[in-house]
Structures are given as structure tokens and as C-alpha cells.
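Letters A, B, ... mirror the listed sequences (proteins, then strands); counts begin at 1. Just so it is clear, the model here is predicted, and its values are computed rather than measured.
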Amino acid sequence: MRTTISIGACLLAISAALYATVRRVSSEPNDDAAARAAFMVAYQVFMHPRCVNCHPAGDSPLRGEDSQPHTGLRLRRGPDGQGVFTLKCTNCHQSQNHVGPHMPPGAPNVLAGGALDSTTPRWHLPSAKTPMIFQGRSAAQLCRQLEDPSQNGGLTAEHLIHHVSTDPLVLWAWNPGEGRTRPPLRHDEFVASVKAWLDNGGACPK
Amino acid sequence: MTEVEMRTVTFILNGKSTTVKVDPEKPLLWVLREDLGLTGTKYGCGMAICGCCTVHLEGDAVRSCVTPMSRVEGKRVTTIEGLSHDFSHPVQRAWMELQVPQCGYCQPGQMMSAACLLAQNPKPADTDIAEAMSGNLCRCGTYQRVRKAIHLAASLLIERGVAE
């Protein structure tokens, strides 16, 4: 019996440590209700086509307001999320949006120091190893996925906040080019809701 | 009307250092065709959909109609004219052997995509070819000959000892 309890306690401790990779350690007591409410605010953005289209359930990127596959093109994620063979994302997508409807959108790459490289495009899906699927996920499923080390590729709270605050691909959602809608919140509201979720303990909706 | 700022852009075109003074946002396609006289690369849709304008940028099969010159600075670009100087590239040999083109307009793009595919996958299966060539449209419908020619080019590559 004692052995069983010890193993159980170890597993709980390991589990808590793993979850701490996204959930912030704080001396303040967690406010689960506030965390869940904040996540539900951010969830509106996570589920918008500007985000879902590059976080698909399948192996191919989506496009448009109704998240359809790229017509005709047999696009595939590839190991690094950059596409394969002749159909790599940046073969068409450049470092900025092209002017006009139905033209390829684009975003700039980030240099090692964090500065933007306006001559090199950044356009990709998450890697095959960590696909970070948003499409079709309920709020509870998405929240748990973001916190699950086996699915989030070692994401920490700081990584997540950095991604949603500064990644040119995320920022692009608020500058999506002609004919594409923006997410329902302002970018600063979105970032604040992600921070509020984490600051309040990162509890997931039920 | 604002005046466009011209900039000097130097890149390696078909193995030779090339310098042009252009609007850095001008698409590579129009620099190749209008400024440098390399008309083998074709204009199709201008929207990165049809694949007619495919060239290699650092080995990747980019759509030159949407690739700004600012991205090309310092990079290696290969066009259909630079695939080989004597039509000896396995893709060129296979295309001639099987008389792939009908009207021919899309074929430079088809060949550049085929060469890119074979450089990364020297023995592609039909499914690999269908996937990799899905971004190159042919209104004459030469798709089956294109597929056959890619298989032939793959065998020529093996003969040449490049693939194995």
C-alpha cells in the first residue's frame, strides 16, 4: 500500500512539474475561475481562421474564412512544417502581403537577435512532431494541449507569451491583407487574456 | 505619385554574378524577362497559382512572379536557361525523348519543378510526382507525359551516377 502511495505521489509530483512548464509558479493563490474566463476570451482568437488555418487538424494548411484546403495544391506539412519538395510555403509566401484579393499573404522572418528580416519570408505550420492542432478543438481540449508537454514541444509560459506577443505570423493575423477578416479581439486584448489565463494559474475550462 | 527608389541588387544568375538596378519590390520574373532578356521563364497568372514562372532560388522552386528582388540579393537563381548549357540535364533529355510539350507555354515551369523534385527525391513514386507537380498547371493536359518524363529523368540520373 505504502509503495502504491509513494508511486502515486511521485507521479503527481512529476505531473505537476511538467505542467509547471506552461503554468507559472506564483506565490499568489490561483484563481481558477478567472483563469478559465481569460482562456475563453483568448479562445475566440485561437479559433479564428487566421489562427486555425495554420494550426490544422490534418497535414495540410487551410485557407480562407471557411478554412478550406488550398484548391488544387497537394500541400503537406513536412517534418519542419515548411512544406515539401517543390511546394514549400515560402515558395509563394513572401515577407509581406501582396496587394490585391487572393494574392499570397506574407510575413517577415525573425533574425537570431529578434530583429525582423524584411527580405526573408516566415510562413510555416507547426512541425510534424508538435503539430499544435487548433482546428476542431474545444476550449478544454485546446487548453490541455497547450499545457501538455508531450504535445506542446516544451512550451513555457514565457515562450507562449513571446509567441503571441511578437511572432510575425501571429501579428500578421491583425494585418492579413485584402479580403481576410481579423480576429475578434485587438492584439493587445488577446495578449492580455493569455497573460491573465497564465497569471491566474492556467486552469483549463471544463 | 511617389518616385520608386531604385536599388542595386547583385545575385548569382545561372552561375554568373549579375547586378541590376531595380525597384527592390519588382518581381524577379520581370527582371529576368524585361531587364535581362531571359524570356524562357513565362508569365502565367501573376498570383503564384499556375507555376509557369517557376525558377530555383537557392534550390527551391519559387514563383518568380511574386518573388521581390529584395529577397534575391546575394542568392543563387537558376532559370530554365541555366538548367544546363547543352541540354544535358536529365530533365531536358527526358522531356525531349518523350516529346512532353504540346503548346509548351507551361513547360519551363514544369521542368524547373521536376528538376527541384529530383534534386530532393531522386526516385519519386507516382504519388510524390502528383504531389510535387500539383502546383504546375498545364491547359493542354500533358500531365501523364510529365509524370512519365520525370520517371525517365530519374533513371537517367541513376545512369549518370548522381542518384546512387
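Only the side chain of A:L87 comes within contact range of chain B, with heavy atoms under 4.5 Å apart. Proximity to chain B (any heavy atom under 4.5 Å) is shown, for A:T90, by both the backbone and the side chain. Proximity to chain A (any heavy atom under 4.5 Å) is shown, for B:T54, by neither the backbone nor the side chain. Contact annotation for A:H102: both backbone and side-chain heavy atoms come within less than 4.5 Å of a heavy atom of chain B. Looking at B:A130, the atoms closer than 4.5 Å to chain A (heavy atoms on both sides) sit in the backbone and in the side chain alike. For A:P101, the part sitting under 4.5 Å from any heavy atom of chain B is the backbone (N, CA, C, O) and nothing else. When heavy atoms are compared at a cutoff of 4.5 Å, B:E73 does not approach chain A at all.
Separation of atoms OG1 (B:T142) and CD (B:Q107) is listed at 4.5 Å; rounding is to 0.5 Å. From B:M133, atom CE reaches atom CD1 of B:I129 across 8.5 Å, with rounding to the nearest 0.5 Å.
B:V22 has its side chain out of reach of B:W30: every pair of non-hydrogen atoms, C-beta onward, lies at least 4.5 Å apart. Side-chain contact between A:W174 and A:P183: present, with at least one pair of heavy atoms (C-beta onward) separated by less than 4.5 Å. Using a 4.5 Å heavy-atom cutoff, the side chains of A:Q94 and B:V66 are in contact.
For the options B:S70, B:G46, B:G51, heavy-atom pairs under 4.5 Å to chain A are most numerous at B:S70. Looking only at heavy-atom pairs under 4.5 Å with chain A, the residue among B:Q120, B:R63, B:E131 that has the most is B:E131. Highest contact tally toward chain B, considering only A:Q96, A:K88, A:H70, A:H93, is held by A:K88 [criterion: heavy-atom pairs under 4.5 Å]. Per-residue counts of heavy-atom pairs under 4.5 Å with chain B were compared for A:V84, A:T119, A:N91, A:D117; the largest is that of A:N91.
A donor-acceptor pair is defined here as one N or O able to donate and one able to accept, closer than 3.5 Å; no such pair exists between the side chain of A:W197 and the backbone of A:C204.
Neither side chain, A:S95 nor A:N109, offers a donor N or O lying under 3.5 Å from an acceptor on the other.
Salt-bridge formation is detected for the pair A:E65/A:R50: a Lys NZ or Arg NE/NH1/NH2 atom is positioned less than 4.0 Å from an Asp or Glu carboxylate oxygen.
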